[in-house]
Trainee: 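My questions all concern the structure below.
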Amino acid sequence: MAEKFDVIVVGAGPAGTSCAYTLAKAGVNVLLIERGEYPGSKNVMGGVLYRKTMEDIIPGFYKDAPVERPIVEQRFMMLDKESAVTFSYKGMEWGQEPYNNFTVLRAKFDQWFAEKAVQQGALLVNETVVLECITQDGRVVGVRTDRPDGDLYADVVVLADGVNSLLAKSLGFHKEFRPDEVALAVMEVLKLDRKIIEDRFSLEGDQGCTFEIFGDSTHGILGTAWLYTNKDSLNIGVGAMLSGLIKRKLKPYELLEYVKTHPILRPYIQGSEQQEYLAHLIPEGGYRSMPKVVGDGVIVVGDAAQLVNAIHREGSNMAMASGVLAAETILEAKEAGDYSAARLDKYRARLLDGFVGQDLKKYKDATHHFEKYPHYFEKYIPLMNRAAGELFTVDGTSKREKQRKIWQGIGTAGEKFKIAQDLFKAWRVMK
Ligand code: FAD
């Protein structure tokens, strides 16, 4: 007879493992299926992990987890060809308990987290691909895996299979995502001596630092590059909307090569050695691209449900929060003995009421707005850099004359009006 579980979770990323951990801790018989050799072996992240959501699941996790560095500084760089306007926040409070966020390497972190779920009683099966959901009379009753005799049954199946969720797609929950709903990202892990990292980024001890780099780093396409510090390596990467890459006939690795050799960024990575090269999609369609997340006997969590806040580069925390909400809803459904879509829909309601839904709604038009009008990155960032260069060059010109030059450099009255309009529109989609 085929095996039956209370819950089957597909995918041991942050969403799936959070769900499996919460269920197992409550005594539920849960199976966590991962296609990779081990959890994290196929997973990619820039690598900022947010403390709060993780700590709601495992208090004090950072004392034991393989985190790299607590981040004490976030720098934002508006990059042009040979210049950058940078602003940053550095806070010593972020370097102390309870910390704000950490850099992590997913291959290590996901493995550790899944092991915690196993310690709570979840059964983890690696190197197993879920091929499809098994349905009976329109309700999901299990999954078909690529193992011999690989049909497995459960009261609820949780789809935590990431951005491309073929499983949710095959249930008709979403269509193929459009190129303006996903970003394609590539990144490298670069080995570099710990002491050099600390000197180069002005860090003491374990402290870490992140750079988010806009503008020239993506050749004006909506997206960003990043440079994050690990203990003895750096993560450098670029992600840009697929639609922009197609339009400009650009390959993401070309952008990454450009970033690595850019005169402003090159000195930070000098002397490092490539350790890993990774590529992945990021769901950036936001609220308007969210698929159906609940059906009879099935719940969709994390990237599979498009839960990424691209503006704040938050994804792992949303994935974890959704995994926990799914687990809590399943626990209630179990008590009521009712796994219908109507009962499980509480998950969707809770998701939309909480920070995940609220943040996605807040920025519901932002991605599409900036994607549609690339001049924010293409034109306005160079303009800002030119203005800063002019203002800060001491050449005997009076400051009033400099102001006049900057103002004239912005363009005609019509162009100035257009910029004012654009800034207003940007404020409206971000407010
Ligand atoms: P995933 O992490 O993708 O996990 C899905 C899991 O399911 C994988 O382990 C996969 O192997 C498994 N799987 C898939 N299909 C099957 C199947 N059929 N059968 C069995 N197993 C399957 N977020 C942040 O918070 N901070 C960042 O700095 C950040 N940077 C990012 C940088 C990049 C380049 C990318 C790509 C993403 C970044 N994100 C970041 C987003 C974040 O990585 C995701 O939001 C998060 O990983 C989503 O978790 P998940 O569990 O839903 O999906």
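Counting starts at 1 for both ligands and their atoms, following the listed order.
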Trainee: I want to confirm something. Looking only at heavy atoms, which of V130, V129, D161 is nearest to atom 15 (N) of ligand 1?
Mentor: D161
Trainee: Write out the residue and atom name of the closest protein heavy atom to atom 4 (O) of ligand 1, then the distance separating them to 0.1 Å.
Mentor: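 Checking every protein heavy atom, the shortest distance to atom 4 (O) of ligand 1 gives G13 CA, 3.5 Å.
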Trainee: Considering the heavy atoms of L281, write down every atom of ligand 1 situated less than 4.0 Å from one of them.
Mentor: 36 (C)
Trainee: Looking only at protein heavy atoms, identify the closest one to atom 25 (O) of ligand 1 and say how far it is in Å.
Mentor: S316 OG, 2.7 Å
Trainee: Only one of D296, I134, I299, L171 forms a side-chain contact (heavy atoms from CB on, under 4.5 Å) with V140, so which one is it?
Mentor: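 Only match with V140 under side-chain contact (heavy atoms from CB on, under 4.5 Å): L171.
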Trainee: Between V48 and ligand 1, is there a nitrogen or oxygen pair with a distance under 3.5 Å?
Mentor: yes
Trainee: For the rings on F211 and F201, is their centre-to-centre separation under 6.0 Å?
Mentor: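 They qualify: ring centres under 6.0 Å apart.
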Trainee: Kindly check if the number of other-residue, nucleotide or ligand heavy atoms within 6.0 Å of NZ (K191) is above 12?
Mentor: yes
Trainee: Going through the checks in order, is the salt bridge (Lys or Arg N to Asp or Glu O under 4.0 Å) test met by E188 and K260?
Mentor: CA-CA 10 Å; E188 289 181 13; K260 284 173 65 186; 2.7 Å; yes
Trainee: Can you confirm whether the side chains of H375 and D422 place a donor and an acceptor under 3.5 Å from each other?
Mentor: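 Yes, a side-chain donor-acceptor pair sits under 3.5 Å.
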Trainee: Is the number of heavy atoms from other residues, nucleotides or ligands under 6.0 Å of K108 NZ greater than 12?
Mentor: no
Trainee: Hey, would you say the F5 and Y153 ring centroids sit under 6.0 Å apart?
Mentor: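 Here the rings of Y153 and F5 have centres that are no less than 6.0 Å from each other.
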Trainee: Do D353 and R350 meet the salt-bridge criterion of a basic N to acidic O distance under 4.0 Å?
Mentor: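 A salt bridge is absent here (no side-chain N lies under 4.0 Å from a carboxylate O).
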Trainee: If the contact criterion is a heavy-atom separation under 4.0 Å, does P14 count as touching ligand 1?
Mentor: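 Flag set, P14 near ligand 1.
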Trainee: Against heavy atoms of V308, which atoms of ligand 1 measure under 4.0 Å?
Mentor: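 Near V308, meaning under 4.0 Å from one of its heavy atoms, ligand 1 has 45 (O).
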Trainee: Hey, is V186 one of the residues with a heavy atom under 4.0 angstrom from ligand 1?
Mentor: no
Trainee: Taking the six-membered ring of Y373 (Phe, Tyr or Trp), confirm whether the NZ or CZ of K425 is under 6.0 Å from its centre and within 45° of its axis.
Mentor: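 Yes; both conditions hold, so K425 lies above the ring face of Y373.
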Trainee: Go through ligand 1 atom by atom and flag the ones less than 4.0 Å from a non-hydrogen atom of V44.
Mentor: 34 (C), 35 (C), 36 (C), 37 (C), 43 (O)
Trainee: Within less than 4.0 angstrom of ligand 1, does R106 place any heavy atom?
Mentor: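 Flag set, R106 near ligand 1.
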Trainee: Can you sort out which atoms of ligand 1 are near A185, meaning under 4.0 Å from one of its heavy atoms?
Mentor: 34 (C)
Trainee: Does the residue G47 have a heavy-atom contact with ligand 1, meaning some pair of atoms that are separated by less than 4.0 Å?
Mentor: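 It does, in that a heavy atom of G47 comes within the 4.0 Å cut-off of ligand 1.
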Trainee: What protein heavy atom sits nearest atom 30 (N) of ligand 1, and how far off is it?
Mentor: G46 N, 2.8 Å
Trainee: Hydrogens and angles aside, do R147 and T128 bring a side-chain donor and acceptor to less than 3.5 Å of each other?
Mentor: yes
Trainee: Applying a 4.0 Å heavy-atom criterion (strictly less than), which segment of D303 is in contact with ligand 1: side chain, backbone, both, or neither?
Mentor: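 Both backbone and side chain.
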Trainee: Would you tell me which option among M45, E284, E212, E127 has the nearest heavy-atom contact to atom 42 (C) of ligand 1?
Mentor: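 Nearest heavy atom to atom 42 (C) of ligand 1 lies in M45.
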Trainee: Can you tell which part of I282 has a heavy atom less than 4.0 Å from ligand 1: side chain, backbone, both or neither?
Mentor: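 Answer for I282: side chain.
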Trainee: Can you tell me if Y21 and Q120 form a side-chain donor-acceptor pair at under 3.5 Å?
Mentor: yes
Trainee: Could you tell me whether V10 approaches ligand 1 through its side chain, its backbone, both or neither, with non-hydrogen atoms closer than 4.0 Å?
Mentor: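 The answer is the side chain of V10.
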Trainee: Run the side chain to side chain contact (heavy atoms under 4.5 Å, CB included) check on H262 and V259 step by step: do they pass?
Mentor: CA-CA 5 Å; H262 192 285; V259 166; 5.6 Å; no
Trainee: Identify, by atom number and element, the atoms of ligand 1 in contact range of T128, meaning under 4.0 Å from any of its heavy atoms.
Mentor: 19 (N), 20 (C)
Trainee: Check whether any N or O atom of A15, backbone or side chain, sits under 3.5 Å from an N or O atom of ligand 1, and answer yes or no.
Mentor: yes
Trainee: Which of the atoms of ligand 1 are close to W226, meaning less than 4.0 Å from one of its heavy atoms?
Mentor: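 This gives 34 (C) as the contact atoms.
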Trainee: If you have a sec, work out which protein heavy atom is nearest atom 41 (C) of ligand 1 and how many Å separate them, to one decimal?
Mentor: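 Its nearest protein heavy-atom neighbour is G315 CA, 4.1 Å.
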Trainee: Which option wins on minimum heavy-atom distance to atom 21 (N) of ligand 1: R35, M318, H280, M320?
Mentor: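 Of the listed residues, R35 has the closest heavy atom.
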Trainee: Applying a strict 4.0 Å limit to heavy atoms, is L49 in contact with ligand 1?
Mentor: no
Trainee: When you compare the side chains of S83 and N385, does any donor N or O come within less than 3.5 Å of an acceptor on the partner?
Mentor: yes
Trainee: If you have a sec, work out which protein heavy atom is nearest atom 8 (C) of ligand 1 and how many Å separate them, to one decimal?
Mentor: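 For atom 8 (C) of ligand 1, the nearest protein heavy atom is N43 OD1, 3.1 Å.
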Trainee: My understanding is that we take every heavy atom of each candidate and find the minimum distance to atom 10 (C) of ligand 1. Doing that for E132, E314, E34, R313, which one comes out nearest?
Mentor: E34
Trainee: Could a heavy atom of A160 be found less than 4.0 Å from some atom of ligand 1?
Mentor: yes
Trainee: Looking only at side chains, do D216 and Y258 share a donor and an acceptor under 3.5 Å apart?
Mentor: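 Looking only at side-chain atoms, Y258 and D216 do form a donor-acceptor pair, the distance falling under 3.5 Å.
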Trainee: Restricting to pairs with a member in residues 262-287, which pass salt bridge (Lys or Arg N to Asp or Glu O under 4.0 Å), not counting sequence neighbours?
Mentor: none
Trainee: At less than 4.0 angstrom from any non-hydrogen atom of G302, what atoms of ligand 1 do you find?
Mentor: 52 (O)
Trainee: When the ring planes of F102 and F61 are compared, do they come out parallel, tilted or perpendicular, using 30° and 60° as the limits?
Mentor: perpendicular
Trainee: Below 4.0 angstrom from a heavy atom of I33, which ligand 1 atoms are there? Numbered from 1 as shown, please.
Mentor: 20 (C), 21 (N)
Trainee: If you apply the rule salt bridge (Lys or Arg N to Asp or Glu O under 4.0 Å), what do you find for E181 with R178, and how did you get there?
Mentor: CA-CA 5 Å; E181 291 178 309; R178 298 188 315 262; 3.8 Å; yes
Trainee: Report the part of L131 (side chain from C-beta onward, or backbone N, CA, C, O) that has a heavy atom under 4.0 Å from ligand 1; answer both or neither where that applies.
Mentor: neither
Trainee: Students should be able to answer this: which protein heavy-atom is nearest to atom 53 (O) of ligand 1, and at what distance?
Mentor: G162 CA, 3.8 Å
